[in-house]
Trainee: 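Encoded as structure tokens, here's the structure I'll be asking about.
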Amino acid sequence: MRNPPGEEPDTPLSVTPPKKWAAGVPAVVHALEYSLEQTSARRTGVDLLAMNQVGGIDCPGCAWADPAPGRRHRNEYCENGAKHINDEATTRRITADFFRKHSVSDLAARSDMWLNQQGRLTEPMIKRPGSDHYEPIGWNDALGVLAQELKALDSPDEAVFYTSGRASNEAAFVLQLFARAFGTNNLPDCSNMCHESSGFALSETLGTGKGTVSLDDLHHADLIFLVGQNPGSNHPRQLSALEEAKRGGGRIVAVNPLPEAGLRRFKNPQKPRGIVGRGTQIADRFLHIKPGGDLALFQALNRLLLEAEDARPGTVLDHDFIDAHTAGFEEFARHARTVDWDDVRTATGLTRQEIEKVRDEVLDSERVIVCWAMGITQHKHGVPTIREIVNFLMLRGNLGRAGTGACPVRGHSNVQGDRTMGIWERMPDTFLDALRQEFGFDPPRAHGLDSVNSIKAMREGRVKVFLALAGNFVRAAPDSEVTEEAMRSCRLTAHISTKLNRSHTVCGDTALILPTLGRTERDVQADGEQFVTVENSMSEVHTSRGRLEPASSLLLSEVAILCRLARRTLDGKADIPWEEFEGDYGTIRDRISRIVPGFHDFNARVTRPGGFQLPNPVNEGVFNTKAGKALFTCNERVVPRAPEGHLLLQTLRSHDQWNTVPYTDNDRYRGIHGSRHVVLVNPADLTDLGLAQGDRVDLVSVWADGSERRAENFEVVPYPAAKGSAAAYYPETNVLVPLDSVADISNQPTSKGIVVRLEPAPSRTRPAPA
Ligand SMILES: Nc1nc2c(c(=O)[nH]1)N[C@H]1C(S)=C(S)[C@@H](COP(=O)(O)OP(=O)(O)OC[C@H]3O[C@@H](n4cnc5c(=O)[nH]c(N)nc54)[C@H](O)[C@@H]3O)O[C@H]1N2
Ligand SMILES: Nc1nc2c(c(=O)[nH]1)N[C@H]1C(S)=C(S)[C@@H](COP(=O)(O)OP(=O)(O)OC[C@H]3O[C@@H](n4cnc5c(=O)[nH]c(N)nc54)[C@H](O)[C@@H]3O)O[C@H]1N2
Ligand code: SF4
Ligand SMILES: [Mo]
């Protein structure tokens, strides 16, 4: 597939050596450059100081936790948080005139970056059947069209309601309530493509889908593993927590096929020594692992721990923890002892000595934490890998004690909260029972569609209406061409959005753009000014209050749009006070407090400085599994292999993008400037493949059924990627992953570990910019 022409930059690619440190002074200067281009300087200053402060705006970027209220820095944000907030607070506007000038087909040919740079959406728009233009429509009519289409469906299951993790708890709760009162559990979300593997593996083994670690735990850990995540770009304030852990004597093991800048050295822009000094070394040990080798790595470590216990009985394993809290140890131990060292070497690319050194670090550490993200979850064997991490933690009782635990590092700022609020196609019966009791209707019980299955259902004509609460579904989902065709086959597609993106250009017969307030903006309703709430990666729930004047007087809040739609669609079918909810979000929180465990006295507790932390049963010694205990598991052996002449490709984020939205063509920490159409490959692999820096290639993914997918015209960049691996940016490479390529059990698309060959495309030159 050729990506839209606008994705090709008009400046030449320049490559400099990857950076050896992250988040120092250049980081701050760089954020301000982007901010100033998007907003006025004065406005920028106002936003940033309110960010992540008590009573202020929750950063709309990642889900990293804030320090305790008394310990927050005056500038409690990172370079990328500043970019994200200013991307929303831009002073650029998209008006009806813009859509008169640009047809839908014109917009569909533009790049993701161009679409985002046009500014904030300002009024509801409709594309009517047969037309190639969006035109203005009033809110009443827009919601009427949507309600009409929903009511005309043969079954509520012909509608799908997607949520992206920037939506607030209140909006998410209202959306799932509406969908279930309407009659469907079709509630896919971005989490289906993000940490779904973590949710499945942790629920099965520990009885909770959430991480068990707090910021304080990280500060007090002796040993922290950073596995398959790039904190320097994607969770920059995590580096401050790691720095603090190191000051207390903690050590860090980073496991990654790429030597990411943030894993090496951190210059803390909040501290004078970060500005003038050499910064803090982050990783004490770096394991340059092959993609997908993490399962084998943790299996090997577990075998080594069992053998260490054999040599010094009673000194290595935490028998008290294992006996009191776990099941399945004996079977696991038998299985673990059969790990084959040749397989481990092939799967990981690491030597036994390297892994033994890590074992020694583990044996020297009382308190161990494992953090992970997309480098683990997005593999076909993501679920067994996380189960094996749980085995590893349990062997030495590294769960439920201070300074220990499992830490899936969440992406979107409220992705975890949206799930807590019931955005999931398979919420447990206890939640549905509570809804019934509170609102007096019978929620559907059959599981709904997740993201991948929604696309399949659209393609097969089983889903006819698609409504998104935030996000950019067609760019986030795999198999871009198939996904786009599926969306186009819908009767109606509608998006509640702040900014223009490609999903608005891939339209059903009728398409609606429903523009909404962002986090930064004041939200005034019938009962006065409102705030919303969010839950971070460490299960802390707190408020977010916007301060800026809305980008347009025609914007409605997410909650208002959904409540009005529900009223129009349900015609009083369930006894739900939508008008009251819209006027006073506190009334939504009252209902949440009666339905969602851990939210008692929600309104009172959430307005305390810093909010409150949800209890994690694991930390109270409670394991809500079938056996009532934490489960050891026996996991398959996986040795990822690419056939001769092929590489294992990962699709990942640059430093200058927010998910499907690139801000610039640069990836400063990796030394890439001026193009995103690059593929990073180990120099030795390039020599073997007969390729050199600057060569142009097509990326061709090959699949077990013999099918192939192609992404055209990428420039080769030699890079210290693990031998046999390659990396290229998402979403330009989503076209390479077929819809059917999903992680076992979690059904999460496999955005990492894709077998590709690089096919020379010597005659191609850089296409002219759009
Ligand atoms: N600036 C910025 N911040 C973001 C986002 C953004 O787009 N931009 N997105 C947010 C979201 S939604 C998410 S989910 C998070 C994502 O945060 P990350 O998980 O850090 O995101 P990726 O860019 O996918 O990077 C994956 C990392 O895993 C490594 N990796 C790949 N394959 C393997 C493997 O097989 N084994 C190991 N050990 N490592 C591997 C890659 O080299 C890379 O360092 O970031 C959040 N924060
Ligand atoms: N190949 C590949 N594919 C991937 C991934 C990968 O690593 N590789 N990562 C996956 C992951 S981890 C994720 S989380 C998904 C991300 O998938 P999504 O969450 O669907 O995508 P985003 O790019 O975060 O969505 C950006 C859009 O959200 C809208 N928006 C922003 N703020 C607001 C707001 O406050 N309210 C509303 N209503 N709308 C708002 C804007 O219109 C903006 O254009 O992509 C997944 N896809
Ligand atoms: S680390 Fe994440 S939450 Fe914190 S300021 Fe940066 S992007 Fe925002
Ligand atoms: Mo994510």
Side-chain angles (χ1 to χ4, degrees), residues 19 21-36 38-39 44-53 56-68 71-89 165-166 215 218-219 226 229-246 260-275 279-280 282 371 373 407 409-415 519-520 534 536-538 540 542 544 652-659 661-664 666-670:
K19 292 275 177 287
W21 51 267
V25 167
V28 173
V29 172
H30 185 77
L32 285 179
E33 274 169 16
Y34 185 75
S35 308
L36 295 177
Q38 292 287 309
T39 61
T44 301
V46 171
D47 286 343
L48 296 181
L49 289 181
M51 202 157 147
N52 299 326
Q53 301 296 348
I57 305 165
D58 179 58
C59 172
C62 77
W64 194 252
D66 306 315
R71 301 192 60 202
R72 290 188 197 171
H73 195 272
R74 186 159 176 270
N75 294 297
E76 192 56 59
Y77 58 88
C78 73
E79 166 197 351
N80 278 343
K83 286 184 218 163
H84 307 322
I85 209 161
N86 283 291
D87 188 63
E88 177 179 301
R166 202 174 272 190
L215 264 190
L218 276 169
H219 295 160
L226 303 175
Q229 62 151 154
N230 177 22
S233 289
N234 296 331
H235 303 91
R237 280 189 307 156
Q238 184 178 5
L239 297 179
S240 306
L242 298 174
E243 187 185 41
E244 182 150 350
K246 296 212 70 170
E260 306 282 24
L263 300 176
R264 295 171 157 198
R265 203 162 262 288
F266 172 46
K267 293 195 186 181
N268 188 342
Q270 297 170 341
K271 305 241 167 84
R273 69 172 175 278
I275 296 171
T280 307
I282 293 291
C371 301
C407 185
V409 182
R410 304 279 166 185
H412 267 291
S413 53
N414 197 40
V415 64
R519 287 262 175 93
T520 49
V534 291
N536 63 33
S537 204
M538 277 132 191
E540 290 159 336
H542 62 87
S544 178
L652 79 180
R653 292 150 175 79
S654 79
H655 189 63
D656 252 8
Q657 78 183 77
W658 175 258
N659 292 332
V661 179
Y663 294 149
T664 72
N666 306 328
D667 191 2
R668 202 173 70 256
Y669 290 160
R670 297 196 183 105

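The model shown is predicted, which means the values in this text are computed figures rather than measured ones.
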Trainee: When you measure from the side chain of R410 to the backbone of V415, do you find a donor-acceptor pair of N or O atoms at a distance under 3.5 Å?
Mentor: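 Such a contact is absent between R410 side chain and V415 backbone.
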
Trainee: Determine whether E260 and S233 make a side-chain contact, defined as any pair of heavy atoms from C-beta on separated by less than 4.5 Å.
Mentor: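 Result no, sub-4.5 Å side-chain heavy-atom pair not found.
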
Trainee: Could you check if a side-chain atom of D656 sits within less than 4.5 angstrom of a side-chain atom of P662, using non-hydrogen atoms only?
Mentor: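 Answer no - side chains too far apart.
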
Trainee: Provide the closest heavy-atom pair for H84 versus G61 in the form atom of the first, atom of the second, distance.
Mentor: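 What the structure gives for the nearest pair is CD2-CA, 3.4 Å.
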
Trainee: Keeping the roles fixed (side chain from D66, backbone from Q53), state whether a donor-acceptor pair exists under 3.5 Å.
Mentor: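 Not confirmed, D66 side chain does not pair with Q53 backbone.
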
Trainee: Distance from E243 atom CD to H219 atom NE2, nearest 0.5 Å?
Mentor: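 The distance works out to 10.0 Å.
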
Trainee: Between atom CD of Q229 and atom CG of L652, what is the distance when rounded to the nearest 0.5 Å?
Mentor: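 With rounding to 0.5 Å, CD (Q229) is 13.0 Å from CG (L652).
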
Trainee: Which pair of heavy atoms, one from V534 and one from N414, lies closest together, and at what distance?
Mentor: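 So the minimum-distance heavy-atom pair works out to CA-OD1, 3.2 Å.
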
Trainee: Spell out, as yes or no, whether a donor-acceptor pair under 3.5 Å connects the side chain of N536 to the backbone of E540.
Mentor: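 Confirmed, N536 side chain pairs with E540 backbone.
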
Trainee: Which atoms form the tightest heavy-atom contact between A241 and L215, and what is the distance?
Mentor: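 The answer is CB-CD2, 3.9 Å.
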
Trainee: Is there a side-chain contact between H235 and L226, using heavy atoms and a 4.5 Å cut-off?
Mentor: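 No, their side chains stay 4.5 Å or more apart.
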
Trainee: Return the CG to OH distance between N86 and Y663, rounded to the nearest 0.5 Å.
Mentor: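 OH of Y663 is found 9.5 Å from CG of N86.
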
Trainee: Looking at residues at least two apart in the chain, or sitting in another chain, which of them share a side-chain contact (heavy atoms from CB on, under 4.5 Å) with C407?
Mentor: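 side-chain contact (heavy atoms from CB on, under 4.5 Å) list for C407, sorted by chain: V213, I369, C371, V409, M538.
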
Trainee: Just verifying a value: how many Å separate Q657 CD and N666 CG, rounded to the nearest 0.5 Å?
Mentor: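 Answer for the CD-CG pair, Q657 versus N666, is 12.0 Å.
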
Trainee: Taking atom CG of D667 and atom CZ of R653, what is their separation to the nearest 0.5 Å?
Mentor: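 Atom-to-atom, D667:CG and R653:CZ are 12.5 Å apart.
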
Trainee: Please report the C-alpha distance between W658 and D87 in whole Å, then the side-chain angles of each, then the deciding distance to 0.1 Å, and finally whether the side-chain contact (heavy atoms from CB on, under 4.5 Å) criterion is met.
Mentor: CA-CA 10 Å; W658 175 258; D87 188 63; over 6 Å; no

Trainee: Ignoring hydrogens, what is the shortest heavy-atom contact between H655 and G232? Give both atom names and the distance.
Mentor: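 H655 and G232 have their closest heavy atoms at CE1-O, 3.6 Å.
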
Trainee: Search all heavy atoms of G81 against all heavy atoms of C59 and return the closest pair with its distance.
Mentor: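 Here G81 and C59 meet closest at CA-SG, 3.7 Å.
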
Trainee: For E244, give me all partners under salt bridge (Lys or Arg N to Asp or Glu O under 4.0 Å), at least two apart in sequence or on another chain.
Mentor: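 Applying salt bridge (Lys or Arg N to Asp or Glu O under 4.0 Å) to E244 gives R71.
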
Trainee: How would you list, by chain and number, every residue that makes a side-chain contact (heavy atoms from CB on, under 4.5 Å) with S544, sequence neighbours excluded?
Mentor: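 S544: side-chain contact (heavy atoms from CB on, under 4.5 Å) contacts with I57, D58, R519, V532.
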
